[in-house]
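Notes for the one structure printed next.
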Amino acid sequence: MTNPKRYLITSALPYANGLKHVGHLAGAYIPADIYVRYLRAQKRDVVFVCGSDEHGTAIPIQATKEGTTPRAIIDKYHEAMKQDFEDLSMSFDIYHRTSEPIHHETAQEFFTRLNNAGELETKETEQYFDEEAKTFLADRYIKGTCPNCGSDRAFGDQCETCGRTLSPDELINPVSTLSGKTPIKKKTTHWYLPLGKHEQFLREWILEQHKDDWRSTVVGQCKSWIEGGLQSRAVTRDLDWGVKVPLKEAEGKVLYVWFDAPIGYISATKQWAIDNKKDWKPYWQDKDTKLVHFVGKDNIVFHCIIFPVMLKLHGDILPENVPANEFLNLEGDKMSTSRNWKLDMRDYIIDFVKKENGGGQCVDMLRYYLTQIAPETKDSEFMWKGFQDAVNSELVSIFGNFVNRTWVLMHKLCGGKVPQLHTGILDDNDKILIGEIENAKTRIESLLEQYKFREALYEVIDLSRKGNQYMQKKEPWIVAKKLAENPEAQKSIDNTMYLCLQLTANLAIFINPFLPNTAKSMLYMMKVVDKLLDWENAGKLKLLSTGYSLREPQLLFRKIEDTEITEQIEKLKSGLKQMEEPKKEETKTESVVKSEIQFDDFARIDLKVGTIVSAEKVEKADKLLKLSVDLGFETRTIVSGIALHFKPEEIVGKQVTVVTNLAPRKMRGIESNGMILMAEDKNGKLQFLKPENPVSPGSNVS
RNA sequence: CGCGAAGUAGAGCAGCGGUAGCUCGUUGGGCUCAUAACCCAAAGGUCGGGAGUUCGAUCCUCCCCUUCGCAACCA
């Protein structure tokens, strides 16, 4: 789209179950904010929406964890996140929330329209139900023994011990985490969005039309999803926290959070329109609107596949681009909330922004570093030492220093006023600098349009570097020494300082989208109003008029001291230790004895002794062995993840204990009909559980 | 396993068919207006490994190794 009438820019809705860290900030918020500030400077019609995502099972879970209500959780984190974004100069036009009535209405209308148009399917399935709590259980609420690794702490969706994704049906001894009781199976109906029907559309839209203008990582991800076969996705679920499904027969059901959350962009736009007496409709329905979603890579599938399908069915416009960022690691390791290896936005705000020598400059320092290392093409690394280097040797030494020396010299050599430009005596250096200023505009503009924020910011800093080089060549402080014998030399000084001052004004315009607080400080020093920052002024050389007197210089940035970064690194490492200590205890107490079960539960498991008659390694799998086990009445194929511990030839003829009534399961394409019981010592070494003396195959174990 | 992304100077990254580039760091020199800032120069890489296509490959193709992500009721 070459010249859209209006822009709607979104940043991923942060989930209101905890504070967000700098990885989120670098991924979805800062890039969007830069883009929006640039568009605003161009006087474009742009709305920037965001808000808290407040539904889904994780909210009630977090409430239980903190011993409070879901409502209290979302109120707490909504306010906290909103505040943090504000403290870091995020310029949302609205920061909304999905718990607002206007959002519920919008999401329900969305569902109704799709349902009435016959675009949704219903399916009846059996799901676990907790009779005591009288509720269907989300996968996360079911705990049991992992069929893969035998850990008794697996959840219905995933085993945290071995990492395997599970479905609740696979769990051995499923237990409700709400009541501790064994849940029963109960029939329930759900609505599904059949993505498969839209494969052709997605292929054309993404893999054809956008294969060149979207980031390769984004197209790659989408391709992976499409090639993998698009399954129907449930859009409802049995839960009492969320947007009620607007149908009589759907009592007790809510919209699945992934369905309602992106609609939050629309409801936020509606609320913004009400607040500002505007019409929201063109922003979502007019073809001349450019919609851009800024997200992290975990969100690609929702914003490139699922939400666009929803939008298409609903008759809305599609995103023009989804410039997703990859992930930001921290000091050599993945950021992780559960391991407490992270830097929360809040922590930075407290340790830097709110300190006495903090303020807007510290906000901009973080924005600078995060933009400079933004994971635009691949995962990148936040290093405290890198942060210090970037601030001290680029922001302070190159950019800040250029502005500062310009101001000091201007006061010393030009009486604190903007000097005249003597066009007759412009030399090559002057002309080259003028050319650079004009070029910079085109370059930065083009990079921003392509969402290459890191490079665009580099161009800005590089322009100030060119200012330093220029000044070094012109050496006005040397020229000034010859003034006594050659008063004409003042003209050369005037030209140099005039150009440096105009360059500074241009730098303010260019840096503004990235570092708005810095731009503000520069405006103050130049004694000019915000209007100077209009993008149309960029590249011009008459921004500060001759004779205008300017303020005394003030430093734009302070340096980051060594002690500050060593403190942060210490803090990070000690946080990690604190998390590890209590966790160990927890495992201990829990692993000694599992929760009590009834004899009936035990009796449901059929254990028999079998003899391994053959064993072979499974092709292209590190851990798997394919075993044939003689159980007396039959010989079964069992696939077991023990290849790292035993060689196939070693174990033929050995007797083992087998769970014989475990549901069959395919691994590497081979159906496994049972499970071998193993004992694991604390080093992770496995041993077979077997009778002391050989017994006949098929003997019962009880 | 599969799919996707990535492996390039001490560190962080760019380039993606035609003598390897940027920032920081290191070393040497210059300057002194400037936040021990600035400017100039140098050292430093057989572009993960192997094979192929090509007149020519870091860049294309194939295989292998390593890292990260995804695999769909995970929001």
Side-chain angles (χ1 to χ4, degrees), chain A residues 12-13 15-17 53-59 98 125 127 138-140 155-158 165 167-168 190 192 195 215-237 242 256-262 297-302 305-306 326-327 329 334 372-373 376-383 385-386 388-390 392-394 396-398 400-413 454-455 458 461-462 465 467-473 475-478 480 497 553 555-559 618-622 624 667-669:
Chain A
L13 304 185
Y15 197 55
N17 69 336
D53 174 9
E54 307 182 308
H55 297 137
T57 42
I59 300 284
T98 59
T125 55
Q127 293 203 345
D139 297 353
R140 204 68 203 179
F155 291 100
D157 55 348
Q158 194 186 30
T165 21
S167 84
H190 281 292
Y192 288 76
L195 289 173
R215 289 185 178 164
S216 65
T217 47
V218 175
V219 175
Q221 281 261 327
C222 293
K223 195 176 168 204
S224 169
W225 279 80
I226 294 170
E227 302 288 339
L230 296 159
Q231 311 288 313
S232 297
R233 277 189 83 109
V235 304
T236 59
R237 81 183 301 180
Y256 209 93
V257 61
W258 65 257
F259 185 85
D260 98 72
K297 70 172 165 186
D298 52 333
N299 251 320
I300 289 174
V301 61
F302 291 101
I305 307 246
I306 300 173
E326 302 289 290
F327 283 158
N329 297 327
K334 263 199 287 192
Q372 200 226 39
I373 59 164
E376 288 176 6
T377 53
K378 59 183 175 190
D379 290 358
S380 66
E381 200 86 38
F382 184 107
M383 307 281 267
K385 184 78 177 70
Q388 185 192 27
D389 282 346
N392 290 359
S393 50
E394 291 172 35
V396 173
S397 300
I398 311 274
N401 182 50
F402 172 70
V403 175
N404 185 238
R405 68 197 296 210
T406 296
W407 243 247
V408 171
L409 272 177
M410 180 265 299
H411 275 92
K412 282 188 183 168
L413 306 177
R454 190 173 49 194
E455 259 183 272
Y458 171 80
I461 298 300
D462 200 46
R465 180 179 281 115
N468 277 322
Q469 289 165 344
Y470 169 74
M471 209 182 265
Q472 192 69 27
K473 280 184 188 139
E475 295 182 311
W477 54 92
I478 304 267
M497 295 320 299
L555 298 180
L556 291 175
F557 306 101
R558 69 174 180 85
K559 285 201 166 187
V618 176
E619 283 273 314
K620 294 184 179 177
D622 297 338
L624 298 182
M667 295 191 235
R668 283 295 70 73

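What you see below is based on every heavy atom in this structure, not just the backbone, and it leaves out hydrogens, waters and symmetry mates. Note on naming: letters A, B, ... go to the chains in the order of the sequence lines (proteins, then strands), and numbering restarts at 1 for each one.
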A:His55 backbone acceptor or donor facing A:Tyr15 side chain under 3.5 Å: yes

Contiguous pairing runs of three or more, Watson-Crick or G-U under 3.5 Å, that involve RNA chain B: B:2-7 with B:65-70, B:10-13 with B:21-24, B:26-30 with B:38-42, B:48-52 with B:60-64

Side-chain donor/acceptor of A:Glu376 to backbone N/O of A:Arg454, under 3.5 Å: yes

Nearest-angstrom distance, P atom, B:rG50 to B:rC55: 23 Å

Flag side-chain contact, heavy atom, 4.5 Å: A:Glu394 against A:Tyr458: no

Rounded distance [0.5 Å steps], CZ in A:Arg405 versus CG in A:Asn468: 5.0 Å

Rounded C1' spacing from B:rG12 to B:rA6 in Å: 15 Å

Distances under 3.5 Å between nitrogen or oxygen atoms of protein and nucleotides 3-12 of chain B:
unit_1: B:rC3; atom_1: O2'; unit_2: A:Ser224; atom_2: OG; d: 2.8

From B:rA75, B:rC31, B:rC24, nucleotide with atom closest to A:Glu394 side chain: B:rC24

Length of the line joining A:Glu376:CD and B:rG15:C1', which is rounded to integer Å: 15 Å

Minimum side-chain heavy-atom gap A:Met471-A:Thr406 below 4.5 Å: yes

Integer angstrom distance from the C1' of B:rC33 to that of B:rC59: 46 Å

Pairwise P distance, B:rG15 and B:rC22 [rounded to whole Å]: 15 Å

Considering all heavy atoms, the nearest A:Ala12-A:Asn299 contact: CB-ND2, 3.8 Å

Side chain proximity check, A:Trp258 to A:Arg233, heavy atoms < 4.5 angstrom: yes

Aromatic stack A:Tyr15/B:rA75: centroid gap under 5.5 Å, interplanar angle under 30°: no

Atom C1', compared across B:rA42 and B:rU67: separation rounded to whole Å: 34 Å

Gap in Å between the two P atoms, one belonging to B:rG48 and one to B:rC13, rounded: 15 Å

Nucleic acid footprint by protein, nucleotides 32-42 of chain B - heavy-atom cut-off 4.0 Å, B for base, S for sugar-phosphate alone: SBBB-SBSS--

OG1 on A:Thr57 to CZ on A:Arg237, rounded to 0.5 Å: 5.0 Å

Residue whose closest nucleotide on RNA chain B lies nearer the 5' end, A:Glu475 versus A:Asp462: A:Asp462

Inter-nucleotide P distance (B:rC70, B:rA75), Å rounded: 12 Å

Whole-Å gap separating P (B:rC24) and NZ (A:Lys385): 13 Å

Sugar-phosphate, base or nothing in reach of A:Asp298, heavy atoms under 4.0 Å: base

Close side-chain approach of A:Phe327 to A:Asp298, heavy-atom, < 4.5 Å: yes

Close side-chain approach of A:Ile461 and A:Gln372, heavy atoms under 4.5 Å: no

Euclidean distance for P, B:rC62 against B:rU53 (whole angstrom): 15 Å

Beyond-backbone contact of A:Lys412 with A:Trp477, side-chain heavy atoms, under 4.5 angstrom: no

Sugar-phosphate only, base, or nothing, as touched by A:Tyr192 at under 4.0 Å among non-hydrogen atoms: base

A:Val257 and A:Thr98, any side-chain heavy atoms less than 4.5 Å apart: no

5′-ward residue of the pair A:Tyr458/A:His190 relative to RNA chain B: A:Tyr458

